[in-house]
Amino acid sequence: MAMVSLTINGKKITVPDDLTILEAANRHGIAIPNLCKHPQLTPFGGCRLCVVEIKGVPRPVASCTTPVNEGMEITTVTEQLEQHRKFVLELILSDHPNDCMTCESTGSCQLQELAYTYGVKGQEYAGERRTYAKKDGNPFIERDLEKCILCGRCVKVCQEIQGVEAIDFGYRGFKSKITTAYEDDLNCEFCGQCVHVCPTGALTGKLWKRKGRYEGVKETDTVCPYCGTGCNITVHSKNNEIIRITSRPWTWNEGFLCVKGRFGYPFVSSPDRLTKPLIKRKSGEFEETTWTAALEYTASWFRKIREEHGPDALGGLSSARCTNEENYLFQKFMRAGIGTNNVDHCARL
Amino acid sequence: MTNSIADIEGMEVIFIIGSNTKETHPVIANRMIKAYRKGAKIIVADPRAVPMVKFSELYLPMRPGTDIALLNGMGQVIVQEGLQNDEFIRDKTEGFDAWKDSVRDFTPERVSKLTGVPKDDIIRAARLYGGSRKAGIFYTMGITQHTCGTDNVKAIANLATLTGNIGRPHTGVNPLRGQNNVQGASDMACAPNVYPGYQRVDLPEVQQKFEQAWGKKLSPKPGLTTTEMIHAAHDKRLKGLYIMGENPVLTDPNQHHTIEALKNLEFLVVQDIFLTETAKLAQVVLPAACSYEKEGTYTNTERRVQRVRRAVNAPGEAWDDLSIIIALSRHLGYPMEYRSPELVFNEFAGLWPALGGMTYDRLKGRGLAWPCPTPEHHGTEYLYKDGFPKGKVPFVQIAFKEPAEVTSDDYPFILTTGRNLYQYHSGSMSRRVPPIEKHAGRAYVEMNRSDAERLSVADGDRVIVSSRRGEVTIAVRVTNQVSAGTLFIPMHYAEAAANVLTNDALDPTVKIPEFKVCAVQVTSAPKAASLATGG
Amino acid sequence: MQKTLDNILSRYRESGGNVISLLQETQDAFGYVPREAVQFFSRELGIAASKFYGVATFYAQFRLRPVGKHKVTACCGTACHVRGAERIMSGIQRELHVTDEEDTTTDGQITVEKVACLGFCSFAPVVLVDGAVHGKTTTDAVIKEIKSLRKK
Amino acid sequence: MASETLIRVCMGPAGIAAGGKQVIEAFHAALVDAGVSAQVRERCSSHQVGCMGLCARDVLVEVHQGDVKTVYQYIKPDMVQRIVDEHLVAGKPITEWLVDEVYASFYRKQIKVVLADCGRIDPEDIDAYEAVKGYEAARECLTNRRPEEVIEEVKMSGLRGRGGAGFPTGLKWELGRKSRGDDKYIICNADEGDPGAFMDRAVIEGSPHAVIEGMIIGAFSMGARNGYVYIRAEYPLAVERLKKALDQARTRGYLGKGIFGSAFDFDIKIKLGAGAFVCGEETALIASIEGMRGMPRPKPPFPVNRGLWQKPTVINNVETFANIPAIIRNGCGWYAGFGTDKSKGTKVFALTGKIKNPGLIEVPMGITLREIIEEIGGGIESGRPFKAVQTGGPSGGCIPASMLDIAVDYESLAKVGSIVGSGGMIVLDADDCMVNVAKYFVQFTQSESCGKCVPCRVGTKRVLETLERITTGKGKEDDIERLEKLAGGIKAMSLCGLGQTAPNPVLSTLKYFRDEYEAHIRDKKCPAKVCKGLLTYSIDEATCKACGACLRACPSGAVSGEKKKPHRIDAAKCVRCGACFEVCKFGSVNRE
């Protein structure tokens, strides 16, 4: 691959020639504000925030779509560019509810962060806002289209990554909106990739609602308990309750999850959870008991069978859902503790 | 998987056989779609027109249970057209000539008859796969859950060996594991014939090593597999069973038989997070912590060992499984004292060289794929880079066999089972997720439009599906996803459990049951039955 | 309907389907784009229904609701604008009790549409009534024409 | 001899609208009755071409007798009998029906290159085109010249893209030729979306083969084997004629394999636009041909490198292609002889608005606005003072009366804040409100904005809202400043040409007609009495005849009155629709 040399803000850099200016800048630690570009998705070029000046080019160009070229002299920050960016932010916010106080995405909203950075309140060009009466009735994803800034990331991720194409741009001009066919309720794979890439509060999890944002929220990086892919997830919890699950963009799964990984956690707080050891009485009914009693009862049965019929009259079934440590210890228990190789798990099922 | 998930993106050809990747491994499917966007050609061989077909260059709608015929047939074409990797065959394999003779009569014409796949498509598939040196094969239970499951896997390996599509980036034989830690559970030797790290129990030197490590005399006799244990329990040879986090009543074939077997036990203890169908049959039920509530490691389908961390505390008096095993062991008189999961990890990492270089500290971030023998080693993104464990890879001659159960006048449909996107396994977790239940909470049997018309049933009608082993009442979903003569029932729904119907015939080598093929009949459900079984 | 759709589809199956052309032929056949048509093409060609909808709502040509028996098209190009097209349009709308959104009379008889420019600029203002050009026209003249349509 | 008599009746859409068909039928009947043998032919193409721009005088009828041509105007079917009787039978033309002096002055300063054949030949007959040296240029190129030579010829002619941006055509073809790839495409943009322009339509309806020939030459030059004409579905006649022309060309072997016996293969497909102005933008047009939403994408990559189906693609508009055959036939020097230093050749304009002779004209670049408006156009129709001319449509600007003497070429118009554009030229008089005109164009661009980029999607909406405020009397003192800021931001930050030029109508009217804005904002008055919200209606009791017309016309019940008593308007109920003003035959309704 050919390399090209160029300067960004006076800094000379050499990069592969198939990069865009934005990618080249990011690779060398130069941040350029943007809303519609997502690293995993093809560029869109709609938000116009990533504009830069190139020496010899009369108008500012979008760095997310412009490829690098040998000898380019690029400036990412000038007073003029900052004015332009403020202008665009003013316009975006003039068509945005700006109800950050109650918005699910406060604190994780890229639009909010840019508005904060640029000190833009959205008052300067106040005017009509898009309003929508209809709410999407699907059980997973809250779609608040009034907060949508039409960056197109959701459309792209649904097409390019998920291959579902449940949504697309509809209408045009100021009436543009992201829509399903015939504006029906969303009926897709509910992977929530769109939620993951949404830079605002337009797309959130219905499960998340009013559960907590960042104050007092603990984030734990762990692994999804569903299929064998082993996606990296981040569990957000507050007061010992899971309030949402996300995945960080720099994980090997690139922040992408499926419906189960993203929205499949509520079983944890199901009222059906077992909370005490149970022993079955003669009547056939279960009765709650203490750990000591349950363990002693179990151990006594194991001892009895082993003594009467030998260790191979006992068997153990371990679980592909338990950890390596637990599985290791389980078979060690069966082999060394009980004395049998009758131990298996459900790999084949 | 011999290769990694990220590796998929660079493949030229992706051959998916017996895997509904888009629904059972959605995030792996994402990688395949990314590869597709970069120009990769995807071949899907499956009795059902699974969602990945949308992205496929070629779809081979094969009859269930005819994988070997298809794979051998593709091999035959590859040899016929000279697409095999001669250098690889010469340097790294053995038994090529004999194998070549064995597939001679798997001509496209014959294979087409056996599989139902058009002759030209078999040839095209062979050319696509054989013509690329960056081609990966992917499969799941659609391959393994057959009486000939082991042979299916070997037939796949033959193809990869034939083309040299193994041991390099963007290639490989890639089984996709179904559960979060199947790989780990296998690695950790929750299997009757091996110790951790696939070290055979019947080898004296291995036995000695573990006796030394564990300070206990160990049995040299291989034990029973899950299905064999169930049979043994049924025959009252097995008296006591300890089940940790499993629900065989729903997940094992021939449900009536399984329930009878568990009832025949003298003692059953089940350790789980819910009172599952299996736990209800137990004498003792021990409340466990779920995945979000404990520390440890999982090993995913690409052999990547990753850290699991506690996000919330387990409810009430539920304990994590590790603590339960430790406490139970103490009560049994074989104390195993570990203050943390990390110490357990260190113990088995010391017993299996493939994990020798791993520590919890090193697993921070993205984890490490085994083998990772030394502290300096960066893990193994793809296997067999430096050759094969036994020196040369053997070509294995595989004969085609019909499935254990074939259709008859009484049972004219082939039933195949599997998962859907939303639910997971026995459903003990996913069915307790309200939005998932709302969206995908009803059992269904998929039936081809033409069959539905013939039987005069409409979408949503309830029918009785019965096999030689049992029957379920279930709503029909009319679709062209299954071909005529085939039915599909997802395994998740206890109220219409697919495994009431399935056959517990086993693969002779690895004892895996034939979930993917059994013969059934369909009759319309009387109105009363519809009401009784409800939603 | 199915027969017409099959017919249209047969011409596009090979080429994979151009969404705009499919929609144009569908609208030619039915006067609008019926939902069933989109679902059918989407299923048969593997093109997402959302894409059809996105295209159908983007281009001014496509209608998602049935069209009236008669069609009145008012040109709103610049030349017509400066010669009072807007007044004519609102006059027609008032007369027929229709709006930009609800553009068809409740009896399904007449649809009133705006069009960017018909290219009859030197004849402005222009209104088409069932395709017939009425140049240098007035609100009254158009309404008279519409009334005679209704009698037909 | 009678057989040498040829009667041509304008049968373009406007001709038809004016009763052309009935006129023809009347001729047939009258000729039979009179026993006169004469050939009656449709005056071929579209109304603009058929009447050479003077379609306002339809139905035009030409009577050719030998070399003598007599042209009648405003002919209705009931007038035909008299023409037959007096002119054809008696040999005495009816002088009062003949076209007047305007007819001559309309053509005096025009130079026809693109429109040369329009109206002269039957557009549906390839023989007619070949009779005027049609396809000679293409044959010459394909059989005698190398592509590079053709490109050089076009480059030297100085021809610039007639779609609006004015990019040198030869250079574009050269880039297309140099762009790598086996599959290349050439596209003719006939999606004339500019409201108030009909040049491309006229050319295709009048001489479709010229466009096809131009495309063949272009395709040969760049090495494209496939061509598309992207044409508005709103032009059914143009589509039909183009289809016929393509079929004829194919039958003759001018399209298809081995054209003119050369090794060159090329064919053209028609794609119907579906109604989106933004599809005039190259990348949006490409998306539309691909069947997708017409949303522009950023350039680079330019279509010439990655265009249709990601292949090298050259896009030119109809007029550009129609120029090519003449340039090849007559040489680049001949063509470059017209026009100015930087803007060569001729340009077709659609002259409309408050002009006496609206129509389609072709003039050399560099002609002054005054010549066009006063001489060709015959001045303002109503006799009211000329106020401004709008050029370039929604992307252009308004040029005030004080600048009538500027030259019409790319550079001069740009200097005064407008553009040549595709060729719309709308004449405005004292009755036109410039704020309203600006609002009209912003309304147009706003509704045609694809919605992709923020400045255009939201910015034009805010501009429109501000203009709506101003024109309804709710303007605020700082609104002009707000407009200027919005316009500047939208121009600088929009993704495509549509957004980048959308503020032009506002900026140019602000520049030359600021006082009108100020009158709206400060005095709450619309000097041209156009803006509804700023008008009040009252009835002059002295002249009111109490006819009741206004009362019946009023949609809001604001007019009251009885028979024989002067009517009154209740200002509180009045919705300012102006219906009463329009219907009053006695001028008794005052509008202020």
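For the numbers below, each heavy atom of this structure counts, side chains included, while hydrogens, waters and symmetry mates do not. Protein chains get the first letters and strands the later ones, always in sequence-line order, with residue 1 at the start of each.
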*Asks:* Does any backbone or side-chain atom of A:C322 lie under 4.5 Å from a heavy atom of chain B? Answer side chain, backbone, both or neither.
*Replies:*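 Looking at A:C322, backbone and side chain both touch chain B.
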
*Asks:* Hey, which of B:A6, B:G184, B:G245, B:S428 has the most heavy atom pairs under 4.5 Å with chain A?
*Replies:*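 So the answer, after comparing B:A6, B:G184, B:G245, B:S428, is B:G245.
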
*Asks:* Hey, could you give me the NZ/CD1 distance between A:K332 and B:I325, rounded to the nearest 0.5 Å?
*Replies:* 11.0 Å

*Asks:* Can you tell me how far CG of B:N30 sits from CG of A:N253, rounded to the nearest 0.5 angstrom?
*Replies:*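 CG of B:N30 is found 9.5 Å from CG of A:N253.
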
*Asks:* B:N193 vs A:N341, test: side chain to side chain donor-acceptor pair (under 3.5 Å). Steps then yes/no.
*Replies:* CA-CA 7 Å; B:N193 57 340; A:N341 281 319; over 6 Å; no

*Asks:* Which of the residues B:E211, B:E342, B:K280 is involved in the greatest number of heavy-atom pairs with chain A at under 4.5 angstrom?
*Replies:*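 The candidate making the most pairs under 4.5 Å is B:K280.
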
*Asks:* Under a 4.5 Å cutoff for heavy-atom pairs, which residue among B:L241, B:T299, B:T297, B:L421 has the most contacts with chain A?
*Replies:*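 Greatest number of close heavy-atom pairs with chain A: B:T297.
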
*Asks:* Salt bridge (charged side-chain N to carboxylate O under 4.0 Å, His left out) between B:K294 and A:E326: does it pass, once the steps are laid out?
*Replies:* CA-CA 11 Å; B:K294 57 193 179 190; A:E326 289 157 353; 3.1 Å; yes

*Asks:* Measuring heavy-atom distances to chain B, does A:S318 have an atom under 4.5 Å in its side chain, in its backbone, in both, or in neither?
*Replies:* both

*Asks:* In terms of the angle between their ring planes, are A:F140 and B:H439 parallel, tilted or perpendicular, with boundaries placed at 30° and 60°?
*Replies:* perpendicular

*Asks:* Which answer fits A:Q159, side chain, backbone, both or neither, if we ask what part of it has an atom under 4.5 Å from a heavy atom of chain B?
*Replies:*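 Contact with chain B: backbone and side chain both.
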
*Asks:* Parallel, tilted or perpendicular: which one describes the rings of B:F348 and A:Y328, with boundaries at 30° and 60°?
*Replies:*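 Aromatic pair B:F348/A:Y328 classed tilted.
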
*Asks:* What part of A:T234 gets closer than 4.5 Å to chain B, counting heavy atoms only: side chain, backbone, both or neither?
*Replies:* neither

*Asks:* Under a 4.5 Å heavy-atom cut-off, does chain B meet the side chain of A:N240, its backbone, both or neither?
*Replies:*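 Both parts, backbone and side chain.
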
*Asks:* Looking at B:R310, B:Q271, B:K217, which has the largest count of heavy-atom pairs under 4.5 Å with chain A?
*Replies:* B:R310

*Asks:* Using heavy-atom distances under 4.5 Å, tell me whether A:K206 contacts chain B through its side chain, its backbone, both, or neither.
*Replies:* neither

*Asks:* Looking at A:W291 and B:E317, would you say the former's side chain and the latter's main chain have a donor-acceptor pair under 3.5 Å?
*Replies:* yes

*Asks:* Grab the two heavy atoms, one from A:T229 and one from B:N300, that are nearest each other, plus how far apart they are.
*Replies:*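 Residues A:T229 and B:N300, closest heavy atoms: O-ND2, 2.7 Å.
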
*Asks:* Which bit of B:M336 is near chain A, if near means a heavy-atom gap under 4.5 Å: side chain, backbone, both or neither?
*Replies:*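 Just its side chain gets close to chain A.
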
*Asks:* Which heavy atom of B:P315 sits nearest a heavy atom of A:R273, and at what distance?
*Replies:*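 It is CD-NH2, 3.3 Å.
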
*Asks:* Which value, rounded to the nearest 0.5 Å, describes the distance between B:I5 atom CD1 and A:W252 atom CH2?
*Replies:* 3.5 Å

*Asks:* Between A:E296 and B:R330, does a salt bridge (charged side-chain N to carboxylate O under 4.0 Å, His left out) hold up when you go through it step by step?
*Replies:* CA-CA 10 Å; A:E296 188 45 47; B:R330 203 183 294 133; over 6 Å; no

*Asks:* Is chain B contacted by the side chain of A:Y265, its backbone, both, or neither, given a heavy-atom distance below 4.5 Å?
*Replies:* both

*Asks:* Could you tell me whether the side chain of A:R321 reaches within less than 4.5 Å of the side chain of B:N181, counting heavy atoms only?
*Replies:*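 In short, these two side chains do not touch, never coming nearer than 4.5 Å.
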
*Asks:* Could you go through B:K34 and A:Q40, starting from their C-alpha distance and side-chain angles, then the distance that decides it, and tell me whether this counts as side chain to side chain donor-acceptor pair (under 3.5 Å)?
*Replies:* CA-CA 10 Å; B:K34 279 177 101 174; A:Q40 297 299 333; 2.8 Å; yes

*Asks:* Heavy atoms, side chains only, cut-off 4.5 Å: are A:E325 and B:L343 in contact?
*Replies:* no

*Asks:* When rounded to the nearest 0.5 angstrom, what is the spacing between OG1 in B:T227 and CG in A:D344?
*Replies:* 7.5 Å

*Asks:* Is there side-chain contact between B:L332 and A:F333, with heavy atoms separated by less than 4.5 Å?
*Replies:*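 With C-beta onward as the side chain, the pair touches.
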
*Asks:* Given heavy-atom pairs under 4.5 angstrom as the criterion, report whether the side chain, backbone, both or neither of A:D221 touches chain B.
*Replies:*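 Both backbone and side chain.
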
*Asks:* If only atom types and distance count, is the side chain of B:K54 paired as donor or acceptor with the main-chain N or O of A:G163 below 3.5 Å?
*Replies:*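 It does hold such a pair.
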
*Asks:* Could you report the tightest heavy-atom contact between B:H25 and A:C227, atom names first, then the distance?
*Replies:*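 Distance-wise, the nearest heavy atoms are CD2-SG, 3.9 Å.
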
*Asks:* Which atom pair, heavy atoms only, marks the closest approach of A:F256 to B:V27?
*Replies:*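 Reported closest heavy-atom pair: O-CG2, 3.7 Å.
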
*Asks:* Rounded to the nearest 0.5 Å, how far apart are CZ of B:F210 and CZ of A:R335?
*Replies:*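 Here the rounded value is 8.5 Å.
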
*Asks:* Is it the side chain or the backbone of A:S319 that comes within 4.5 Å of chain B heavy atoms, both, or neither?
*Replies:*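 Both the backbone and the side chain of A:S319 come within 4.5 Å of chain B.
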
*Asks:* Can you tell which part of B:E23 gets under 4.5 Å to a heavy atom of chain A, answering side chain, backbone, both or neither?
*Replies:* backbone

*Asks:* Measure A:I305 against the heavy atoms of chain B and call it side chain, backbone, both or neither at under 4.5 Å.
*Replies:* side chain

*Asks:* What closest approach, in Å, do A:N327 and B:M188 show between heavy atoms, and which atom pair accounts for it?
*Replies:* CB-CB, 3.8 Å

*Asks:* Yes or no on side-chain contact (heavy atoms from CB on, under 4.5 Å) for A:E189 and B:K22, after CA distance, side-chain angles and deciding distance?
*Replies:* CA-CA 10 Å; A:E189 295 181 357; B:K22 191 94 182 71; 2.7 Å; yes

*Asks:* Are A:P277 and B:V285 close enough that some pair of their side-chain heavy atoms sits under 4.5 Å apart?
*Replies:* no

*Asks:* Just give me the residue among B:Q283, B:K216, B:K438, B:R37 that pairs up with chain A most often, heavy atom to heavy atom, under 4.5 Å.
*Replies:* B:R37

*Asks:* Taking A:H345 as the fixed residue, which of B:V182, B:T225, B:T226 is the one that meets the side chain to side chain contact (heavy atoms under 4.5 Å, CB included) rule?
*Replies:* B:V182

*Asks:* For chain A, which candidate among B:G296, B:A311, B:S219 shows the most heavy-atom pairs at distances under 4.5 Å?
*Replies:* B:A311

*Asks:* Please round to the nearest 0.5 Å and tell me the distance separating atom CG of A:N324 and atom CG of B:L355.
*Replies:* 7.5 Å

*Asks:* Give the minimum heavy-atom separation between A:L317 and B:P248, together with the two atoms involved.
*Replies:* CD1-CG, 4.3 Å

*Asks:* A:E219 versus chain B, heavy atoms under 4.5 Å apart: side chain, backbone, both or neither?
*Replies:* neither

*Asks:* Evaluate salt bridge (charged side-chain N to carboxylate O under 4.0 Å, His left out) for A:E254 paired with B:R31, printing each intermediate quantity in order.
*Replies:* CA-CA 10 Å; A:E254 301 174 321; B:R31 288 285 181 171; 3.6 Å; yes

*Asks:* So for A:K218, is it side chain, backbone, both, or neither that comes closer than 4.5 Å to the heavy atoms of chain B?
*Replies:* side chain

*Asks:* Do the ring centers of B:Y242 and A:F330 come within less than 6.0 Å of each other?
*Replies:* yes

